[in-house]
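What follows is a single structure, written as structure tokens, with notes after it.
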Amino acid sequence: MIKKITCTICPIGCKLEVDIEKNTVTGHTCKRGEVYGIAEVTAPTRVITSTVKLEGGIYPVLPVKTNGAIPKHLNFKCMELINQIQVKAPVKMGDIIAENVLDTGVDLVATRSIKKG
Amino acid sequence: MHYDLVVIGGGPAGLAAAYEAYENGISKVLIIEREKELGGILNQCIHNGFGLHTFKEELTGPEYAERCIDKVMYSTIEVKTDTMVLNIEEKYIHAVNGVDGYMVIKASAIILAMGCRERTRGAIHIPGYRPSGIFTAGAAQRYINMEGYMVGREVVILGSGDIGLIMARRMALEGAKVKAVIELMPYSNGLSRNIVQCLEDYDIPLYLSHTVTDVVGSGRLEKVVVQAVDENRKPILGTEKVFVCDTLLLSVGLIPENELSKNAGLRLDPRTNGLIVDETMQTSEEGIFACGNVLHVHDLVDFVTEEAQNAGRNAALYLNGTSAKAKTVQVLNGNGITYTVPQLINLSKDIKIKLFMRVSRPYYNQEIVVKCKEQVIASFKKKVLLPAEMQNIVLETKQLREIDGNILIALEEAE
Ligand code: SF4
């Protein structure tokens with residue numbers, strides 16, 4: 001089967017055609033596009049950014065991110081987890097908010113410092 | 001109160017400009033910020049993709065901001081937050097806050113870094129009722145990402161610029177049903193990466209060459225009417241589609257925030273709605289510099305930082321009395337180019353100059369050609385040029401020496 005996708009690595013945005021059985025890519029203009037094409041079709045990953053509830057801070061929420069990309073199909077599972085978390089101020093940027101999210105080996109970390117409010 | 005340098009605005013532009021001036025030996029520096037904390041718009045841009053050029057890694061907005069803020073905090077730069085600048089007269093800044101009250105601050109040099117604001121519904125003339133549930137995308141972003149409340153459940157977004165796309169994903173992740181993104185133009189103004197990761201990932205349809213022609217609801221928004229538009233962007237009768245929704249987000253463009261500049265009598269460029277500057281980022285008033293979105297709307301914060309460092313460095317040179325005045329030429333825009341920044345160049349300096357510009361529509365296989373009196377000074381081959389992506393070119397010292405009059409920048413078909 002051929003899957004048609006757009007390469008998102010650089011602004012040129014080449015239209016790629018990925019042959020899933022043969023693991024081959026056409027339509028790319030550089031090597032990075034080929035690597036992206038295979039990865040995006042076989043095992044797409046995304047970094048999730050969101051907020052968790054924050055108690056006692058100058059804002060009621062704290063921005064967080066997965067400090068690496070996780071499989072795309074876990075996006076909403078990851079959000080469910082994020083929506084259950086509540087942390088207390090103060091928080092420092094880079095603090096681990098949840099370890100090893102959904103067994104991906106990736107942690108959820110704070111993306112800013114927040115003082116007590 | 002007297003400072004060597006006062007920077008107005010504590011977002012990425014103001015922070016980088018102040019720090020660069022400080023690094024270049026200017027010790028009495030003040031940043032004035034109207035919000036309760038520094039960082040500007042980055043604080044609400046919790047998605048990633050910032051800083052690939054500046055920090056060589058992919059950061060979220062708040063992370064990028066915090067790195068800039070930390071540098072300033074470990075310096076002797078002073079900061080006044082929650083402070084509103086009312087007026088600038090000559091080099092006197094009139095400002096007010098709850099602690100100091102009304103202040104007149106004298107500055108030997110000023111850097112303007114007030115950023116930009118969003119276009120609103122009024123600015124784009126959407127007819128219909130006036131129910132609640134209509135937000136600018138940036139306002140909704142602040143509510144969700146900083147104030148912590150969700151703005152709606154069933155959403156239509158007008159405008160496919162990057163903020164609109166980012167908000168589509170954000171709302172979808174938070175469990176809202178994003179029914180459509182509507183774009184007036186036949187192409188999106190967002191990065192293709194955002195089209196893929198914000199729309200396609202969440203099966204959100206993008207309607208190109210469409211617009212919102214009616215808004216219905218008493219109290220809360222109930223539905224919007226969307227119509228296809230013809231090549232003159234006029235709605236086509238009989239193409240009406242109705243979307244039931246409680247929320248409409250407007251992502252219809254940003255305008256440089258220049259009320260202060262206007263009142264101060266500084267010259268503005270009608271093409272950018274921003275200030276006119278030369279290659280040192282100096283405005284039409286000596287000793288007043290500007291950088292960031294107050295000049296032109298950037299799509300990458302990395303370029304804001306770079307431009308701000310340039311402004312900070314030149315403000316320091318000015319304060320040290322080492323900036324030399326030279327013959328000034330204009331940078332004119334020709335075929336396919338909507339504007340350039342800087343708009344003016346001072347000749348006879350041993351420097352290279354980076355020029356930023358935007359194209360008027362998508363172009364393929366073109367050359368950006370720089371000419372002076374019909375003579376080609378430089379040309380740059382480009383495979384793809386999109387209006388969503390700011391272009392930049394660098395003119396080297398050698399090329400600058402060939403310039404002896406106004407220069408014209410235009411697109412030409414590449415062979
Ligand atoms: S294939 Fe290469 S040139 Fe084409 S979009 Fe991807 S990275 Fe860019």
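Throughout, protein chains are lettered first and strands after them, A, B, ... in sequence-line order, and every chain is numbered starting at 1.
With a 4.5 Å cut-off on side-chain heavy atoms, A:S50 and B:E174 count as touching. Between B:E63 and A:R112, the closest side-chain pair of non-hydrogen atoms is not below 4.5 Å. A:T29 places a side-chain heavy atom less than 4.5 Å from the side chain of B:K383.
The minimum heavy-atom distance linking A:C7 with B:S192 is given by the pair O-OG, 4.2 Å. Here the closest heavy-atom approach between residue A:P63 and residue B:I46 is recorded as CB-CG2, 3.6 Å.
Interface residue A:I58: backbone and side-chain heavy atoms are both found under 4.5 Å from chain B. For A:M93, the parts lying under 4.5 angstrom from a heavy atom of chain B are both the backbone and the side chain.
For CZ of B:R67, the number of neighbouring non-hydrogen atoms (other residues, nucleotides, ligands) closer than 6.0 Å is greater than 12. Other residues, nucleotides and ligands contribute over 12 non-hydrogen atoms within 6.0 Å of the NZ atom of A:K72. Within a 6.0 Å radius of CD in B:E57, other residues, nucleotides and ligands contribute more than 12 heavy atoms. Within 6.0 Å of atom NZ in A:K53, 12 or fewer heavy atoms from other residues, nucleotides or ligands are found, so the atom counts as exposed in its surroundings.
Put simply, of B:K36, B:R169, B:E58, the one with the most heavy-atom pairs under 4.5 Å next to chain A is B:K36.
Listed in order of number, the residues of residues 193-202 of chain B that approach chain A to under 4.5 Å between heavy atoms are B:R193, B:V196, B:Q197, B:D201, B:Y202. Inspection of non-hydrogen atoms places B:R142, B:I144, B:N145, B:M146, B:E147, B:G148 of residues 140-149 of chain B under 4.5 Å from chain A.
In the model, A:T49 has no side-chain atom that pairs as donor or acceptor with a side-chain atom of B:R170 under 3.5 Å.
Here OG of A:S113 is found 9.0 Å from CD1 of B:I69. Values are rounded to the nearest 0.5 Å. Rounding to the nearest 0.5 angstrom, the gap separating the CG atom in B:L173 from the OG1 atom in A:T51 is 10.5 Å.
Between B:E37 and A:K115, none of the side-chain N atoms (NZ, or NE/NH1/NH2) sits under 4.0 Å from a carboxylate O, so this pair counts as no salt bridge.
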